[in-house]
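Reviewing the structure listed below.
All chains are named by letter (A, B, ...) in the order of the sequence lines, taking the proteins before the strands, and each is independently numbered beginning at 1.
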Amino acid sequence: MGGRKVVIDYPSPNTAKQMHVGHLRPIVIGEAVARLIEFCGADLVRDNHIGDWGTNFGILILAIRRAGFQLDAKSPTALEDLERLYKEGSAATKADPVLMDAARAELAKLQSGDPANTALWKEIVEVSNAACQRIYDQFGLKTDVILGESFYRDKVDQVYAELAKHKLAEESEGALVVWHDEEPRFSRDAETKMPFIVRKKDGSSNYASTDLATLLYRAEHFKADEIVYVTDGRQQDHFHQLFLTGGKWFKASGRKLPRLRHVWFGTILGEDGKAIKTKSGEPVRLQELIDQAEKLAFEAVTSKNPDLPESERKAIGKAIGVAAMRYADLSSNRTMDYTFSWTKLLAFEGNTAPYLMYAVVRVRSIFRKSGLAVGQGEEGATDPETPAEIALARKLLAFTAALDQALEELRPHHLCTYLHELAAAYGTFYAADSVIVDDPAVKARRLMLCSRTCAVMETGLRLLGIEPVERM
RNA sequence: CACCCCGUAGCUCAAUUGGAUAGAGCAUCCGCCUUCUAAGCGGACGGUUACAGGUUCGAUUCCUGUCGGGGUGGCCA
């Protein structure tokens, strides 16, 4: 992957909504996948493709108008207000087809440049982005560019024109659609038709239009050799159609198609076994989850290490709290659905981030007590001898294999499994063989094992997005 | 009805892509802090891999069917 230009699309939330637990996965998985790709030497562009141009804006604008609401971007409750209005609008348009048409009309006005709707839209996006950024900061997520759907509003006409010119798209029930007859379910002969609708019957763009425009932009502007889309698994059909359409379009127009990968993940389910949705019920807010995680981690470090200064305990609480949530999500295969659970996401014992971070802490503590920097004191080291030393040395050698496995299909859980095994091997070694001993050769080789463990653990943890701590 | 995920220990999940006796964590039980941080270490308990066939020297993995859960299916993303 060295030197390849890769664009990764994440976490790409929809705007005007507060982040809830459902937003955890694209952030956490996207970040880990991005770091894995970057670690292999790829020239990576992190593109946050926010949903800021869809029908939801029509619904939201309509709801704001109907409620006579005055949006104040400075108000601390601005986002909550928008979310409440969106829910009202969503329910209203669902119940009444006339209102749904009105919402579509508001969207069409926005998309055709209506000044009032554009001004309102800008404010909404501003409020939303500021709120998202506060969450990203806590997850250490940094995007290179935010090119949402709206960025492509003047680039979709070229898509329509080219698809029509190459006879890839055709009119159907007033919309512009692309059929893929080679795939039975996307074919025009399918029992239930599932065309790739690139332009709606009212002339406005949708997900497909902007995604095609985005594909072209990434290929031409970023010169992408590869594009990685990190989204949930419910969008598999969409990406399948997007990739098929992109392939035919680029071939017909003599362009080189980047490698396209859909790195999808399973859904976080509610207690009822159904996907967590903003519409039904009240999902746990992501900020609430973070706060709770940090609080519990702070309490844990305070009880275990009360002598540390409060500022350091606070910092450790922040690091461990978010790390625990992150690891809980990353440690199982991303294609699996899982049911939301406070206790699972906030566990600090067993196969968890704190356990892995603890291994690093114990290594660093040994070096601190020895008055050495990590990596020093290895002169005169002999080969591993005890069973625990040998097992640890062997496990250290398996790092690259684990990395390869995680990279193969961009599945971070393979790295998690490995790091847990390494931490366990270190735990056994730590209990069985003292490092600070009189025999200089034994001490040197054990210090060497410690520093190697530290290096591999820290590298692996950072790839997962977890920042190791000195003490805990 | 069609297509896509999934079904593994009481619970949550792995299993190097078809390899040897299916492994971890949690929970439960029994040990271990007077030497480097016990968020730890050692041990016990726990399985007809949903079910039925098939391919193979060998199947949790591949194929067919059945059952069960979730998702998607013309103008959301």
Practice prompt. Fill in the dot-bracket string of RNA chain B, one character per base: . for unpaired, | for a pair to another strand, ( ) or [ ] for pairs within the strand, taking Watson-Crick or G-U pairs under 3.5 Å.
Written response: (((((((..((((.....[...)))).(((((.......))))).....(((((..]....))))))))))))....
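- Annotation: A/Y217 is in aromatic contact with A/Y152 [ring centroid separation under 6.0 Å].
- Residue contacts for A/Q236: at a heavy-atom cut-off of 4.0 Å it reaches the sugar-phosphate backbone alone, with no base atom in range.
- Results of the side-chain hydrogen bond (donor to acceptor under 3.5 Å, both in side chains) test with A/R185 over A/H240, A/Q241, A/H180 single out A/H240 as the only residue that passes.
- Looking only at atom types and distance, the side chain of A/Y10 has no donor-acceptor partner in the side chain of A/D47 under 3.5 Å away.
- For the pair A/K155 and A/F151, the distance from NZ or CZ to the six-membered ring centre is under 6.0 Å and the angle to the ring normal is within 45 degrees.
- Within the 4.0 Å cut-off from OP1 or OP2 of B/C41, at least one side-chain nitrogen or oxygen of A/Y355 is found.
- The distance between atom CG of A/N305 and atom C1' of B/G40, rounded to the nearest whole Å, is 14 Å.
- The side chain of A/T55 places an N or O atom within less than 4.0 Å of a non-bridging phosphate oxygen (OP1 or OP2) of B/C76.
- Atom pair A/M336:CE and B/U12:P shows a separation of 9 Å (rounding to whole Å applied).
- Applying the 4.0 Å criterion to OP1 and OP2 of B/A15, one finds that A/H413 has a side-chain N or O inside that range.
- Proximity of A/K344 to the phosphate of B/C11: no side-chain N or O atom is located under 4.0 Å from OP1 or OP2.
- For the side chain to side chain contact (heavy atoms under 4.5 Å, CB included) test with A/F265, the passing option among A/D337, A/V230, A/D329 is A/V230; the others fail.
- Distance, A/N56 CG to B/C76 P: 10 Å, rounded to whole Å.
- Nucleic acid contact for A/Q235: base, since at least one base atom lies under 4.0 Å from a heavy atom of the residue.
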Worksheet item: Please walk me through it: do A/C416 and A/L464 pass side-chain contact (heavy atoms from CB on, under 4.5 Å)?
Response: CA-CA 8 Å; A/C416 294; A/L464 296 176; 3.8 Å; yes
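- Side-chain N/O atoms of A/K304 include one lying less than 4.0 angstrom from OP1 or OP2 on B/A39.
- Between the P atoms of B/C26 and B/C41, the separation comes to 9 Å (whole Å).
- Using modelled atom types and a 3.5 Å distance limit, the side chains of A/H238 and A/D211 yield a donor-acceptor pair.
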